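Being a predicted model, the structure only gives us computed values, none of them experimental.
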Amino acid sequence: MKVQIFVCTHKAFETPKDPIYVPLHVGKKGKPDLGYPGDDTGDEISEKNCYYSELTGLYWAAKNCHDADIKGSCHYRRYLINSLGKVYTEEEIRKILSEYDIMTTKTLSLRSAYYDGFGENHNLKDLILAGEVIRRDFPDYYPVYEKLVHENKTYFGNMIICKSELFDAYVDWLFQIFFAMEPEMDFAGYDDYHKRVFGFISEFLLKVYIIVNGLKVHESMVGMVGEKKETIEVKVCLSQLIMEKKLTEAKDYLLKFLKKRPDILMEASDVNGELKLAMQIITSCEHEYDEYGHSVLDEISDYRQLMNYFETVNRIATARKLYLFDKNDESWLKENKVSEITLKIASMLV
């Protein structure tokens, strides 16, 4: 028997050298061959990838991979990693699973209840439908679903590693829910991002499944390999608009993009937190112009230097909250003429 961690991908990438990580072309049916095994053989739902995202890979692994005693899934850009920032080896995985039932991401704490956040970024009726199906078909799960959906915790990315029996059982439970939902779904008006509704809901349902079944979870950090092209493009455009002092245009551009891709501010997309920092810069400079008629943009002409300025402001704001503020911090604030408005906004964010 062996360990197989399927790396779900829709594009060619530099594959991990460790053979336990197996590239799996998800949504392969009808697409150009990337040279990887695909989710379009045997018992498969490859053609539904636009609705299920990487879940078509999980479905394929559960239904067609029968020679591994441990199975898992990750992404071509995201991996569960150990405390040293390295992808797990087979030895590490086997050791962890001798003590835990399942490995997944660290719990994500949302700004509001999952129910509210889903409603802001997706069609709430889809989440409600999931709850109705669970109440009807899996009544033992419904009380936990109803409790958690009004709390602010979830997992993300559909990245799991566990023994094959548990992997297959979880996937079977998940797709019983989703296949029951499908006939009642209406995707009219959904763009490519919002069509992937099952992929989004499944991240939350993993939390439900784990708690109901009393599973012992090993939560891991997520390692990123590069950034998405669209994220890079957004950062470049924002930096240009900000340095041209076109703050209203920068804000409108980002808000418009967020309606299309609300996940872009998540840690898994905004790897270095630069988009959140850009939002802070826009807000701070707008308020400075309103209050004083000038802002830090009149003093700094390099975007990287501007980012460093606000990173330092945030560090000092954090130090003040922790009562670690010292004379060097005070001198830096004075020398760089940091406004009370900028400090106040930083204090609210850190």
**Report entry** Check: Thr104 side chain, Met159 main-chain N or O, donor-acceptor pair, under 3.5 Å
**Finding:** yes

Requested in this report: Would you kindly say whether Ser220 and Lys106 are connected by a side-chain donor-acceptor distance under 3.5 Å?
Outcome: no

Query - Criterion side chain to side chain contact (heavy atoms under 4.5 Å, CB included) against Tyr115, the qualifying member of Asn152, Ile128, Leu148 - result: Ile128

Requested in this report: Taking all heavy atoms of Asp302 and all of Met243, pick out the closest pair and write down the distance.
Outcome: N-CE, 3.7 Å

Query raised in the report: So does Lys86 pair up with Glu92, basic N to acidic O under 4.0 Å?
Result: no

Query raised in the report: Do Ile177 and Asp137 come within less than 4.5 Å of each other through their side chains, counting heavy atoms only?
Result: no

Query raised in the report: Do Leu277 and Asn314 have side-chain heavy atoms sitting under 4.5 Å apart?
Result: yes

Query - Asp191 side-chain N/O to Tyr193 backbone N/O, donor-acceptor pair under 3.5 Å - result: yes

Query raised in the report: Less than 4.0 Å between a side-chain N and a carboxylate O, is that true for Glu99 and Lys95?
Result: yes

**Report entry** Salt bridge present between Glu90 and Arg94 (N-O < 4.0 angstrom)
**Finding:** yes

Requested in this report: Would you please indicate if the ring centroids of Phe175 and Phe179 are separated by under 6.0 Å?
Outcome: yes

Query raised in the report: About how many Å separate CG of Leu343 and CZ of Arg320, when rounded to the nearest 0.5 Å?
Result: 5.0 Å

Query raised in the report: Applying side-chain hydrogen bond (donor to acceptor under 3.5 Å, both in side chains), which residue pairs with at least one partner in residues 168-179 are found, sequence neighbours left out?
Result: Lys71-Asp168, Asp172-Gln176

Solution key, residues 25-35 side-chain donor-acceptor pairs under 3.5 Å, sequence neighbours excluded:
| residue | atom | partner | partner atom | Å |
| --- | --- | --- | --- | --- |
| Lys28 | NZ | Tyr36 | O | 3.2 |
| Lys29 | NZ | Glu44 | OE2 | 2.6 |
| Asp33 | OD1 | Gly35 | N | 2.8 |

Query raised in the report: Side-chain heavy atoms under 4.5 angstrom apart, residues restricted to Ile, Leu, Val, Met, Phe, Trp, Tyr: same cluster for Ile316 and Met348?
Result: no

Query raised in the report: Under the 3.5 angstrom rule, does the side chain of Ser164 hit a backbone N or O of Ala68 as a donor-acceptor pair?
Result: yes

Query raised in the report: Checking Lys48 side chain against Thr56 main chain: does a donor-acceptor pair fall under 3.5 Å?
Result: no

Report task. Would you please say whether a donor-acceptor pair under 3.5 Å links the side chains of Glu146 and Tyr142? Result -> yes

Report summary line: CD1 (Ile160) and SG (Cys74) are apart, to the nearest 0.5 Å, by 11.0 Å

Query raised in the report: For the residue pair Tyr289 and Leu297, what are the closest heavy atoms and their distance?
Result: OH-CB, 3.9 Å

Query - Check: Asn121 main-chain N/O paired with His194 side-chain donor or acceptor under 3.5 Å - result: yes

**Report entry** Taking every non-hydrogen atom, the tightest pair across Cys162 and Ile102
**Finding:** CB-CG1, 3.9 Å

Query raised in the report: Is the side chain of Ser53 donor-acceptor paired with the backbone N or O of Cys50 at a distance under 3.5 Å, no angle test?
Result: no

Report summary line: Residues Ser83 and Met221: closest non-hydrogen pair is CA-CE, 3.8 Å

Report task. Indicate whether any N or O donor in one side chain lies under 3.5 Å from an N or O acceptor in the other, for Asp126 and Tyr190. Result -> yes

Query raised in the report: Under 6.0 Å between the ring centres of Phe200 and Phe118?
Result: no

**Report entry** Distance-minimising heavy-atom pair for Thr15 and Pro23
**Finding:** CG2-CG, 3.4 Å

Report task. Could you state whether Ile20 and Met103 fall into the same hydrophobic cluster, counting links through intermediate Ile, Leu, Val, Met, Phe, Trp or Tyr residues with side-chain heavy atoms under 4.5 angstrom apart? Result -> yes

Query raised in the report: Is the backbone of Val222 close enough, under 3.5 Å, to the side chain of Thr105 for a donor and an acceptor to pair up by distance?
Result: no

Query raised in the report: Nearest heavy-atom pair of Gly157 and His75: which atoms, and what distance?
Result: O-NE2, 2.6 Å

Report task. Fit a plane to each ring of Phe198 and Phe187, take the angle between them on a 0 to 90° scale, and name the class: parallel (under 30°), tilted (30 to 60°) or perpendicular (over 60°). Result -> perpendicular

Query raised in the report: Are the side chain of Tyr88 and the backbone of Ile81 linked by a donor-acceptor contact shorter than 3.5 Å?
Result: yes

Query raised in the report: Are Leu58 and Phe6 connected in the hydrophobic side-chain network, where two residues link if heavy atoms are under 4.5 Å apart?
Result: no

Report task. Quick one: pull up CG in Leu174 and OG in Ser202 and give me the separation to the nearest 0.5 Å. Result -> 5.5 Å

Query raised in the report: So does Glu330 pair up with Lys334, basic N to acidic O under 4.0 Å?
Result: yes

Query raised in the report: Side chain of Asn158, backbone of Gly199: donor and acceptor closer than 3.5 Å?
Result: yes

Report task. State plainly whether one hydrophobic cluster holds both Val197 and Val133, where clusters connect Ile, Leu, Val, Met, Phe, Trp and Tyr through side-chain heavy atoms under 4.5 angstrom apart. Result -> yes

Query raised in the report: Any Lys/Arg nitrogen of Glu311 or Arg304 sitting under 4.0 Å from an Asp/Glu carboxylate oxygen of the other?
Result: yes

Query raised in the report: Salt-bridged, Asp298 to Lys245, with N to O below 4.0 Å?
Result: yes

Query - Hydrophobic cluster identity match, Ile201 and Tyr145, side-chain contacts under 4.5 Å - result: yes

Query raised in the report: Is a donor on one side and an acceptor on the other found under 3.5 Å between the side chain of Asn82 and the backbone of Leu84?
Result: yes

Report task. Could you verify whether a donor N or O on one side chain and an acceptor N or O on the other, from Tyr155 and Glu219, lie under 3.5 Å apart? Result -> yes

